[in-house]
Structures are given as C-alpha cells and as structure tokens.
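Here the structure is laid out as structure tokens; the discussion comes afterwards.
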Amino acid sequence: MVRAVDTTDVAPLIELAGVGKRFGEVRALSGVDLAVGHGEVHAFVGENGAGKSTLVKVLMGVHRPDDGTLRVDGRERHYHSPHDALQDGVAGIAQEISLVPQRSVMENVFLGREPRRAGVIDTRALRRRLVELQARTGFQIPPDARAGSLSIADQQRVEILRALARDARVIVMDEPTAALSKTESEKLFEVVRRLRAGGTTVIYISHFLQEVLALADRVTILREGRVVRSGESARETTDSLVTAMLGRALGQVFPPKRPPAPGAPVRLAVRDLSRGSACRDIGFDVRAGEIVGFAGLVGSGRTEMARALIGADRADTATVAVDGRPVRIRAPKDSIRCGIAYLPESRKDDGLMMSRPAAENITLPHLRDISRVGVVTGANEASRCLDLLHRVKATVKGPRDPVRALSGGNQQKVLFARWLFSKPKVLIADEPTRGVDLGAKAAIYELIRELADEGIAVVVISSEHEELIGLSDRVLVMRGGRVVRELADDQITEDNIVSAALTV
Amino acid sequence: MSPPEQTAAVPSKLTPTSVRSLGHQCAQRGREYGVLAVFAALFVALSLSSDAFLTTTNLLNIVDQWAAIGIIALAATLVLISGGFDLSVAAVFSVTGVIAAKLATSMGVAPALALGVLSGLGFGLLNGLAVVGWKVNSIIATLATGIVIGGIATNLTGGNLITVADTGFTALGQNELLGITLPTWFFAITAVLLGFLLHKTVYGRYVYAVGGNIEAARLSGVRTGRITIAAYGISGLAAGFAGVMVASQQATGQAGAAPNLVFDVVAAVIVGGTSILGGSGAIWRTVVGIGLLALIQNGATLLSLDETYRQMITGAIILCAAAIDVWARSRTGGA
Amino acid sequence: MSPPEQTAAVPSKLTPTSVRSLGHQCAQRGREYGVLAVFAALFVALSLSSDAFLTTTNLLNIVDQWAAIGIIALAATLVLISGGFDLSVAAVFSVTGVIAAKLATSMGVAPALALGVLSGLGFGLLNGLAVVGWKVNSIIATLATGIVIGGIATNLTGGNLITVADTGFTALGQNELLGITLPTWFFAITAVLLGFLLHKTVYGRYVYAVGGNIEAARLSGVRTGRITIAAYGISGLAAGFAGVMVASQQATGQAGAAPNLVFDVVAAVIVGGTSILGGSGAIWRTVVGIGLLALIQNGATLLSLDETYRQMITGAIILCAAAIDVWARSRTGGA
Amino acid sequence: ACGGSSSSDEPAGSATATARAAAGAKGPITLPTGKVKCGETPNGDDPCLVPAAPPEGEEVRIGFFALANNTFASAAEKGVRETASKYGATVTTLLNPFNPSVQQAQLRDSIAANKFDAYIVEPVNPPALAPLFKQLIDKGIPVTTFGLTNGPDDSTARIQLEGQTLQTSRTPVSQGQDAAKAAVEACDGKDPCKVAILRGTAVLAFDTNMAKALTAELDKSSNVDVVATGFGQYLGGPSRTAMQNILTAEPDVDVLVTLGDQMTVGAEQAIRAAGKTDQIKIVSMGAGTTAAKAVKDGRWYSSTMVLPQNEGVLNAVAAIAAARGQEMSVGIASIDTRGELPLNITRDNTAEWQEFVPQWSGL
Ligand SMILES: Nc1ncnc2c1ncn2[C@@H]1O[C@H](COP(=O)(O)OP(=O)(O)OP(=O)(O)O)[C@@H](O)[C@H]1O
Ligand SMILES: Nc1ncnc2c1ncn2[C@@H]1O[C@H](COP(=O)(O)OP(=O)(O)OP(=O)(O)O)[C@@H](O)[C@H]1O
Ligand SMILES: [Mg+2]
Ligand SMILES: [Mg+2]
C-alpha cells in the first residue's frame, strides 16, 4: 500500500468512470467520473437528493451501478455486496444509522470482524480491542449497553467505531457529525486527520461546509446526480461551494431576528418539570413570537425534557400552561390538542412511517381537520401537502412513493412539513435541520422565523451552536438535566454557550 | 389512502425526471399489481383448460365457498397492517357457531345468531386487550386465547354436533338474494366496508400508522392502544360472523370446525402481498389472495388433479405468486 | 449468552448510570428469567399436587415425549432469531420419516435413516434459497413449500402407514443408553450444540445480526444470504432428524404425521421469550418454553384434567407466562 | 371430576342390561341396540364371548383415551360411562386432537403414575402404542380398544396384539365394502352409473383403506363408473365445497358415496343448490341421527351402520370384567353386534330398523 499523500504520480485508489444509477425512473447518478487518491480526505457536498449517499453506496458495494465502471487500485471491480468492498478495504458509515439494536455496543462495533478461533468468538480479545479503539477516539460508550438503548449521538459514535474497527484503506463517512455536538465533532476530526496521516483515505460527506473546508484535501460537488466539479478544497470557499451546489448564490442563511414585543403574551409556561435524573426542576416561559433555543452537550437532557413536556414519557412532576391556561398533559394527544407540536430528533424511530407516502406522513396528526365523520376527504389533503412540501423545499418525485425512497434530507423536510399543516401554538423542534442541506436549512430557518412572526412560540433544541446563535431570541443551556444558564441578546455567543454547558 | 394521481408533488426545476414521472407512475402502478397478474393468468388458463370453469354457476360457487374464509381474511388484513397477528380466529369461528346453535335451541333464532356474532366481537376485544394491556406478542397471545376459546367450544358441545333444524336458523347461510347466496353478499359487503374503513377513514390511516411506526403514531397523538384493540375486535367480529354464517349454512355448531382456517387466512392475506411487518397492504390484495387460493382449489377439482399433485401444485403456485409479486414490486423501488 | 459478568469496561463519565450499572445488571439478570420463574412455579405446584410427578420415570418420560418437538423448536429458535419463520417443519418431519421408512424396506437400515435425515437438510436448504433468492416472505415461502412437501409425503405413502418391523430401524427411537432413551440424549445434545453455535460462534453472532438489522449486517460485510440459508438448513436438518427419530420410535412412516407440530414449535419458542421480530432470543429460552408446554401436558394427564379444562388452562398458562415474561423484562428496559 | 356426560341432543340409548349378572356370566349381552345374536360373526370373534356383565368387585378406575371433538368418540364415551356407573367403575377421559404423540404421552404418563386399572383406547397410531400396551398387559392391566383397528392389518377385526382383552372395530375394509353394496344397489338399472366419492382426507390410513375397499368393490360391477373423488375433511363446509366442484366438473353424477354422514350433510346442500336432488342418490356412512331421518324421508338412499355406543358398552364391560380377574381375548367387528339390524339402512328396509335409535349424530 502506498502511504504517500502525494497522489499525482500514483494511479488513483478509486476511480469512477461514467457511473449511473437509477431507482425506477429516478436518476440518482448519471455519468459520474471521479478519482479518489491515496491517503486523502475527500469530501462530497451537494444538496439533499444530489446523489451523495448513492455514490458512496456504490463504492461500499451496497448498490450496483447501472452503467459505468469502478476501479480500485486500477483494477475493475464489480461489487455484489458490502462484503466484496470490505475485502478491498472499503468500509463505511451509512447516513441512516444502522446498528443491530438488540445487541451490545461491543458486538456491533466488531460485527463482521470478530476475533475468532475456529469460528468461536474470542470475547476477551473483543473487549480488549474495544478499549483500544475507545482510547484512540476518545468515544466512551459502555461496551455492554444495548445499541438500541443509546441516544442517537451514541449510536452515531458506535457507527464510527465500527468503521474504524475494520482497519480499512478507505473509510466512507456519510454525515457522521449530523448527530454530534461540536466538541464531539472536533474529536472526530482529530481521528480523521490521524487516519490520513496513517495513509488511510477518508471519503467524507457533510452539510457543514466549514467543516468540509477545514478537513478535506479535495472536494467534489454533486448536483442532480452529476459531478459539478472536483478539485482541491483550498481553492473553494463556502460561497463557491454553495453556488456550485445550488446553481445559485445563497443570500442570508439566518433571517434577521425579530424579538417579540416586550408585552407579548407568554404562550408556553413550564414549571417544575422533572423526570428521574434525566431532567430536573426545569422551568421556562416562551412568549408569542419568540424563538427559544436549548443548548447543551449531547445527553444533557434536552430531548428528555421535550418528551416529558409533551407527554411522550411520563413526567414525575410538571406544571404546564398554554396561553395562561393550565393544561394537563399525559400523552402526546393531549399536547397536540393544546396546540403543542413536537418534531422528534430521530426521524426513523420516532417520526416517519417509512413505508407510507409523504402526504400520509404529513397529515397523520391532523386527520381530524381533513375528515368528516371519520372519513378522510382526499383532495384537500393532497393539494395542501403539495404546498407544504414546496414550502419546505422538499423534492418528492412520486407522491405515492414511500418516504423510505427519499434522500435523508428530504425525509427530514417531510417531517417538518407535518407540523406546518395546522398552525400550532407552540412548536418544539428537536434538531430540526439534522441532515438538511444548506439551502434548505436557510429555508427552514426562514420558516421558523415566519412561524414565530405569526405568533407561535418556538423552542429549538439543537447541537449546532451556530444555529442557536443565528436563530434564537433567547438560549437556555442545559447540563445534567437542569437548565443552568439563560442567555439573551448579546450574551448569545459560542463562548458563553460552551462554558455554560461544560462548567461544573 | 394516497393522494390522487398527480405528477411530481413539487414541480422541481432541478430534476430532469419530472416530465417522465407520469410514465413512471403508470409503470409503477402496473408493477404494484404483480399478484393480480398471476391471478389473471391462472384465470385465463383455467378458462381455456376446463369448459366448466367459466360458467356463472361455477364462479358463484367459488365465491360462496370461500366467503367465510374471505370474511375472516379481510379482517385479518387490518390486524396484519396494524402490525399484529390473530391466530385465534379458527377457535372464535368454531365457538361462535356453537354458541349460536346452542342458543337457538333455547331462545329465538335471531337473538341466538346475534349473540353468536357478538360473542366473536367480545373475544376479539379480549385479544386486543391482552395484546395492548399486557404487551404480549400477538402471535403468542392469540395462540393462547385460541386454545382457551377452543376449550370453551369443546365444553359447550361436549364433543357433539349441535344440530339446529329451524329454517330460520339456516336462512343466513343458505338463502339467496337475486340468485346469489347470502354468504357471497356478505363477503362482498365486508370487502367494501373494510376497504372503505381502511382506505378512506381516519381509523384506517391510524391502522397503517400503528403498523408502520407505532412510536411516530403515538407522538402524532394517535391513541394506538384503541386502534389496535379495535383491529382485534373487528377480526373477532368477522370470525364470529363467519362462524355463525357457516353454522347456519350447515345447520350445525361444532367445536374444532375449521382446523386449517388459520393457514388459509394467513396464506390469503400474505399471498395478496400484505406485509407481515405491518404498515403496508390493502384490502384488494386480500381479495386477490383469496381468489388465487380459490382458483387453485377449484381448478384442481375441475381438472381432476390427483390429491398429491394438487398439494404440490398449490404450493408451487403460492410460491410463484409470492415471488412474482416481490419481483414486480422490487422494480419500483417502492414499498 | 451475554458476555461475562463485568461492569462497564470503560467508565463513562457521560452517563450517570455507570455507577449503578452493577446493581442494575444483577437486577436485569434476575428479571430476564421471568419465564423461568413461571416454569419453576409450575414445577413446584405439580410436585405438590401429584405424587406421581416428581419421579424419575415421569420426568424422563416428559423429556422423551417432547424430544422431537424440542429438537425442531431448538432449530426454529435460530430461524426466528434470524428474522424468519419455518412453517414447513411439520411437512419435513413427516416426509423424512416416510422416506426413511420407505427406504428401510428396500435398503440397509442405516443408509435409510441417514438419507431420511439428509433429505430434511435438503428441504431446509431449498427453503432458505426460496427465502433468500426470491426474497419471498418466509411465512409464505415455507407455508408453500410445506404444502408441496406434504404432497410428496402423501404421494410416497399413498395415504397409508409405512410400517417397518426391523429392530435396527426402531433402535434410534426406542433404545436406551445409561437408562435414558436415545431421543432424550439427542434433545440434550442438540440443545448443547445449538446453544454453542448460537452463543459462542461467529455464525451465531451473524444470526442475531441478520435478524436484528439485516442492513446493518450486510453493511458490516456479513454475507446475510448464506447465514439465512444455513439457518433454514439447520431447521430442515433438525426437522428431518426428529422425523426419522419418531418414525423409528413408532416403527412407522406416515404422511401428515404431526398436524399440530408447527403450533407446538412456535409456541415453545415464543413462550420461552424469543422475539418473532428477530434479533433476540436464546436457546435456553426455548428449552424452558418446551419445558413449560411439557409440564402443562403432563400435569393435565396426571391430574386427570378434563379435556376442556385442559385446553383452557393450557391457554391461560401460556398467556400468563408470556405476560409475566414481558412484565419482568420491561422492568429492565432491556431486550 | 370429568364432565364428559353427553349432551341433550344425543339419542338416549335403550341400555337395559341386567345388573343381576352373575360373576363371569356368559350369554347374550344386552347392548343399546337390543340383544345381539351369538355365533353369526363372519368378521371376527363372537360378541357373546364377552360376559353379559362383569363380576362384582372393587372399584375399577378406567382410563378412556380417545379423539377430541369427535362425535364417534363421544358416543362411545357415553356407552362407557353408563356401563361404568352401573358396575362400580370410574371413568377418566383423556382426549387427543388426532395426534399420535399426544396420545402416546398420555398413556405413558398414566402408566408411570399407575393411574388406571383398565385402559380403553381409540388407538391413533397402533405401532407406536404397541410397546406401551405390552407393558400394561405384562403388568396384568387390561387393554381394550375401539373405533380404529389396533394393529397393522386393518382388514380384520381379530386381535393382533397378544394379551389384549377386547377389540371392537368397524374395520375400514368391511365398512367400505358395505357402502359399496349400497352404492351398487343404488346404481341398479343404470349403465353407465356415474359414482362420485367423497373421502375425508388423503393422509389417514383408515380413510385410505376404506376408500380402497370401496372402489375395489365398486369395480366389480361393470356398470359402475367412479368419475370423481373429493375430500371433505369429515366436515360439512369443506364437503359442500368439494361437492360443488365435483358437480361443476361432472354434472351428471348418478350416485354419491361419502365416508361420513357429516360430510353428506354438506354435500347434500351442494346437490340441492345445483337442483340435482332427484338425479343423485346419496349413499352415506354412519347411520347417525341425521342419516336415519334423511333415509326415512327418502332424501338419502342409504347409510352404513356404525354403532359407537355399542362399542363403548362392550369395552367397558370387558375392561371391568378383566380388571376383576376374568380372562378373555375377543376381537369383534362392531357391526357384528347389530343384532337384527341391517348393514345399511335404506328406505326399502325401513321395517328392519323401525325401532332403531341412532347412537350418534354422525361422523
Ligand atoms: N432506495 C431508493 N429508492 C428510490 N429512490 C432512491 C433510493 N435511494 C435514493 N433514491 C433517490 O436518489 C436520489 C439521490 O439520493 P441520495 O440519498 O443519494 O441523496 P443525498 O445526496 O445523499 O441527499 P441527502 O443530503 O439528503 O442525504 C434522491 O432523489 C432519492 O430520492
Ligand atoms: N434509553 C435510555 N436509557 C438510559 N438512559 C438514557 C436513555 N436515553 C437517554 N438516556 C440518558 O438520559 C439523559 C438525557 O438524554 P437526552 O437524549 O435527553 O439528551 P439530549 O441533550 O437531548 O442529547 P441528544 O443530542 O443525544 O438528544 C442522558 O443522561 C442519557 O444518557
Ligand atoms: Mg445522503
Ligand atoms: Mg436530543
């Protein structure tokens, strides 16, 4: 294996020529030519649905291309399954977290690469290697925990550990930081840099363009399944990337802040919200037209707070008032009836019915509004859903297609559209832009601001500090299940958030 | 139900495919109907190979013969889409017939029939409560309740047939309306009703949601427990109705009346293409599934197939139908 | 099997739970055994209420009687954990007995028995190929192949019993070793072997992975198709072995020999607590599940329960066992 | 403790056996159908080899092992219970859903627990049970069997297991032959006479042998032509379906032969619905309540005699007697206990069965 970082003289490690891939009539990729060199960090960027995931799935042997060729080390390869790709040293993390939920972290990390003697698993070696790996990455997850019981972020870390455990020559990372906090992401970048130093090639997909520019040696921009250009990242800027991705320049990402008038009524008032040790004695108000951000490290209890608030989990104590009227919330249906909408953080687990079309996913909580005596009146539904999808800039080709067939970002947009269907009084959005491209992010921010302007009280839970800073009128920082700090106006800065989230 | 035929939801200037999407959708539609194609092929083959097949009498006979299983399978479709299984239907089918027959000897025929049917609803709701309240896996729960209910049926009959001579009792299963037997009507009506319920009503949407992603449904304010319980209730009601209908047809209540019922019901629903994983499926699919099984059985007799070959061919056709349906649908990249 | 008792190797500063994890794990261990508690309770109850129960003869009888179903259920555990179903086992069970009996009349006893067992493996592998290659849902695939295989059995027997008088033929099912019947030994050996396979080997891990998340397994380089095919192969092999064993025990090959086998097998596995959704379960669970069903049947005979009450009590115990197991496990928040 | 007493619609047998029977008394035994005639039994032993009544003695615990949800078994149980209560015995019923392993387990468990002094068994799979029966016989515990033939050869009613106390069975071969006789009669004057056969299932040896004997006998008549065979699972619904399909394929069937009254009920519906009541003569089997009425009314041509309650009484008498020390080994074709009654009940021979009370509701 060539360990040189200089790729000019050597045949590229991976070479794609004229690669195309269709799903039904959808052209996910067409005529993709691309070279990935030895020991480089190569980023793919593009809008939601541009074909990034499809492209890396071709590399990882998940999809077989319809046309074109794939060469690894100059030799033509036809992968029938990820197994074949792994044989060639190509490993990866898929965008949608895919762990075996019933099994332990340790088993998941070494799945397919178990240390063995004559087919019998060497459990001790397994444990030893996990400890090594965790030391190397700084990711610390209890080895015996069931993968399904972990938070999304921990699951993401398990995925990363698994990719690293392959000792692969090429590691593909499809949006690995989507669920990670800033500090977590930093740790991952360290790992990536160390991998590169060791000669490993990393293919990296992300919607965080700064991240891409800081990390990648080369960057390839995709649009509509085609390569726009591929070149050294040093020559790109965020703006140049955006322009190439969208086919136009993007103006302001964040809409101007319009804090509520001082006399604006309190729409949501929460007091004494506790649930075990996950969230304790939480109290806050959100006024009409106000956007309140919740910051904190992963695991600080923000999701737990939101779930307890809307009745998804049973709170130990809670006093909630909407528009000044006290409400009793014991199940999500109660909070919906009170006008509180909740956008969950995991679209796959808590959000979407993957086998149903977008429209059905959107209208699920609102069927009462579009039905008469229990009968759904169809036409109204379809047109309203179209409008909404348009509004969130979702690309949904066959309206009857199950949302499973949508790209990750578009799935997220469908979920967002769900809560725009009926105007809620309170919107709690847990990681609303996870996996969404920059153009669409701007649209979603715009939307959130518009909703606030319409008098909705908005709570945004996010691990992207930038997002909180750009969007929120006020930020509450959580730590260990408590709200430890409230930041307003000028106080909302990266430093303040981080120090509040970390300081003991 | 899915939104009416329409091209790209969002007229996307970005995708070159939107102009082609109409054609795509047509192709997709066609492919969704893989199992229907198998059914049609078998239908044509039988029409060509047996003169007796394509006669009104024969076709009406077929529907009449499968009406009871069909009614139960239609309701089972709901349960499967909601992500569950109801293995107790055979026992409910038997016990309700027994109850109706037994009561008919001591009270009016009409209330006896009604109570028989209602007892089916009752058993179904109890199944639902066990599944939802105790969170027991539905296969094991309904297997267990099926055994209990079977025991009740045996207990009521004492191992005998309960014969009812009253012509009022037999009307439900034997009479005709416009030259078509009542069971056939009931099957058709059930198909229309449940099709409407599943595809046009809020309840139907919730059934899909519960089966598709129960947590998402809960977070969307769906009272998932009630939806599930209602699905089992409907299944019990259908099994009860079918049981009473057949008891009426046979003028007999009998424990253990339908040893293979569960297999036929599950086969019909799944052959049609409804997923056992929940969240997808349709009433028309079960109608086609029933049709397929019925054609196979009818064809075997008409063509005088030897019993052993009949079994082998039945199995082979079911397998092929399922494989073709999978193949056709895989081509859409869709559900 | 879970990894050896040990607290979190990496003390996680992020989770406040790590200090509690030892205590938590103990509790979890205890609670995982909900179904075992039910079994033990029933065992004690029977010991107290029947003098005949707690005798060596009776206990050995119980195991011997359930050995065939047990062997099949043990293998079915693998299939269920891998996320599939094998409904063809009853047919395979019959046909292999028939094949062995039929061949025994025309060739040596030993090769006849061996070929019977191997034919089971063959049918199992074909099932696996149908499920994997054609991507047909396993319930429908094995239902279909079961019908075909049943047809073959009927065809081979012509509807009769095939009786084999040869004592060599009956040795497998009737002889004893150290005062314990061979079927009992075979059951024990199968349990140990499959337990080892499932819980200690790489293959076992892959079975869990395929059932838990087939996409994750595939992405991790697991050749999921082979794993699945092997699971069906093992199931067919076990059904074939059990079929030959019982044919030997009964000195008879018979088509349709085990009408309720599938129900018993599925009930045993699921009562034990293995999930039908795949990805979780264990061999010991199936052993306990078999034990529970066996105790119920044995107890019913010893206590001379009336048939109708036997059925009701059987159903009730199965339901309660499942509910208690769910309840116990829900308290751990674990699998 | 077992509530197996029969339900109200079961015809009451005219059991009037004399309780004054002396110990080991020989002589004509009184059965629900009346007195049997001794000595005229072509198919097996003389029913009069069974004592008229068992000797008096200690309470006998009888284990009764039979099929669940089976009207034949219920009728036999009724005979057993009535006899047992008359002669100081208790009866415990253990049923199986036509499952050989369950029956095997029940027997083994009972033997291990030493639960019974006498065993009355409807043997689902005789080869499998033989070792258990031998065990019982060696211990001196009497075994009697009824319904199904206890042995590999089910063309004979003779005892095939050494030491067995009693076997009563209506052998499938004789049953098939008797039905065939009725069918040939029904075909009289028609050439060709198209016959359809409705069997139960293709996987039971009992059914297979009955059907074989039936067709073999029918083949002997040159005018009889078997044109179709269907399967009715011994249930009404499937029989109706099978008959509908047969009639579609073979619209001009002249005679239908079914292997059970319950299947006939279903098939008759199909015939009626097709408007072929006058065209098709129905030959059934079982001589149950429904059959007796249908034959009297002229709807069915005939039904072959089956007497389950007789079998129950004989088994119980023999089991109790043997348990109290009397030795016997008798195999009787249960049809030989019919006394004056005909092999097949038909409208023409109504006079011969005017007083006959059917013993069950029909298979
Ligand atoms: N399995 C599939 N079936 C049908 N269509 C698919 C499938 N997978 C991807 N597509 C389609 O292919 C196109 C490209 O999707 P892909 O997932 O590669 O996008 P992406 O660039 O990764 O987007 P995102 O940033 O949202 O993850 C989209 O239009 C998507 O709907
Ligand atoms: N299923 C679970 N089992 C045990 N503990 C859990 C579980 N889910 C969350 N926790 C714990 O609850 C606490 C709060 O987690 P929560 O998911 O609410 O955090 P968060 O701030 O929303 O972070 P994230 O970005 O992961 O959503 C953490 O200590 C976490 O470890
Ligand atoms: Mg993607
Ligand atoms: Mg969160």
Side-chain angles (χ1 to χ4, degrees), chain A residues 22-27 47 49 223-224 247 307 310 312 331-337 342 344 347-361 363-368 371 374-376 378-379 381-383 385-386 389-390 393-402 404-405 418, chain B residues 1-18 20-29 31-32 81 196-197 199-206 208-225 275 277-281 331-335:
Chain A
R22 274 184 295 124
F23 295 103
E25 295 294 313
V26 178
R27 278 202 162 277
E47 270 188 306
R223 193 163 86 223
E224 295 165 37
R307 286 180 58 93
I310 62 145
K333 70 177 164 57
D334 300 328
S335 57
I336 291 174
R337 202 180 305 128
Y342 172 66
R347 54 179 173 259
K348 197 164 122 197
D349 297 333
D350 305 332
L352 295 171
M353 303 175 282
M354 286 293 178
S355 57
R356 305 308 299 169
E360 280 187 30
N361 272 289
T363 54
L364 181 61
H366 316 295
L367 288 173
R368 276 178 208 297
S371 60
V375 180
V376 180
E381 173 183 20
S383 58
C385 287
L386 291 184
L389 288 169
H390 193 57
K393 295 196 165 43
T395 319
V396 175
K397 278 152 197 162
R400 277 172 54 97
D401 284 351
R404 184 185 293 119
R418 171 184 289 171
Chain B
M1 252 283 300
S2 26
E5 188 78 34
Q6 203 155 1
T7 43
V10 181
S12 160
K13 59 179 173 11
L14 295 178
T15 61
T17 47
S18 57
R20 275 188 280 150
S21 71
L22 188 62
H24 165 65
Q25 277 186 24
C26 289
Q28 171 157 356
R29 285 294 161 88
R31 281 159 177 169
E32 251 188 25
I81 292 177
F196 182 80
L197 184 68
H199 302 303
K200 298 285 178 192
T201 69
V202 173
Y203 176 73
R205 282 288 177 83
Y206 288 168
Y208 280 104
V210 166
N213 186 340
I214 194 165
E215 186 60 19
R218 204 170 76 88
L219 289 180
S220 299
V222 178
R223 276 178 278 195
T224 55
S275 160
L277 299 176
S280 66
R331 315 230 45 180
T332 69

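Naming convention: chains lettered A, B, ... in sequence-line order (proteins, then strands); numbering from 1 in each chain.
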Under 4.5 Å from a heavy atom of chain B, the part of [X] involved:
{"X": "A:L364", "result": "both"}
{"X": "A:N361", "result": "neither"}
{"X": "A:A331", "result": "neither"}
{"X": "A:L352", "result": "backbone"}
{"X": "A:T363", "result": "side chain"}

- prompt: Counting heavy-atom pairs under 4.5 Å to chain A, which of B:G212, B:A217, B:A209 comes out on top?
  reply: B:A209
- request: Considering only heavy atoms and a distance below 4.5 Å, find which of B:G204, B:A216, B:S220 pairs most often with chain A.
  value: B:S220
Which pair of heavy atoms, one from [X] and one from [Y], lies closest together, and at what distance?
{"X": "A:G351", "Y": "B:N213", "result": "N-ND2, 4.1 Å"}
{"X": "A:S371", "Y": "A:L367", "result": "OG-O, 2.7 Å"}
{"X": "A:P332", "Y": "B:R218", "result": "CB-O, 3.1 Å"}
{"X": "A:P365", "Y": "A:I336", "result": "CB-CD1, 4.4 Å"}

query: Measuring from B:Y208:OH to A:E360:CD, what's the distance to the nearest 0.5 Å?
result: 7.5 Å
message: Quick check for you: among A:H366, A:R337, A:M354, A:R307, which has the greatest number of heavy-atom pairs under 4.5 Å with chain B?
response: A:R307
task: Would you check, one step at a time, whether the test side-chain contact (heavy atoms from CB on, under 4.5 Å) holds for B:R223 with B:Y206?
output: CA-CA 9 Å; B:R223 276 178 278 195; B:Y206 288 168; over 6 Å; no
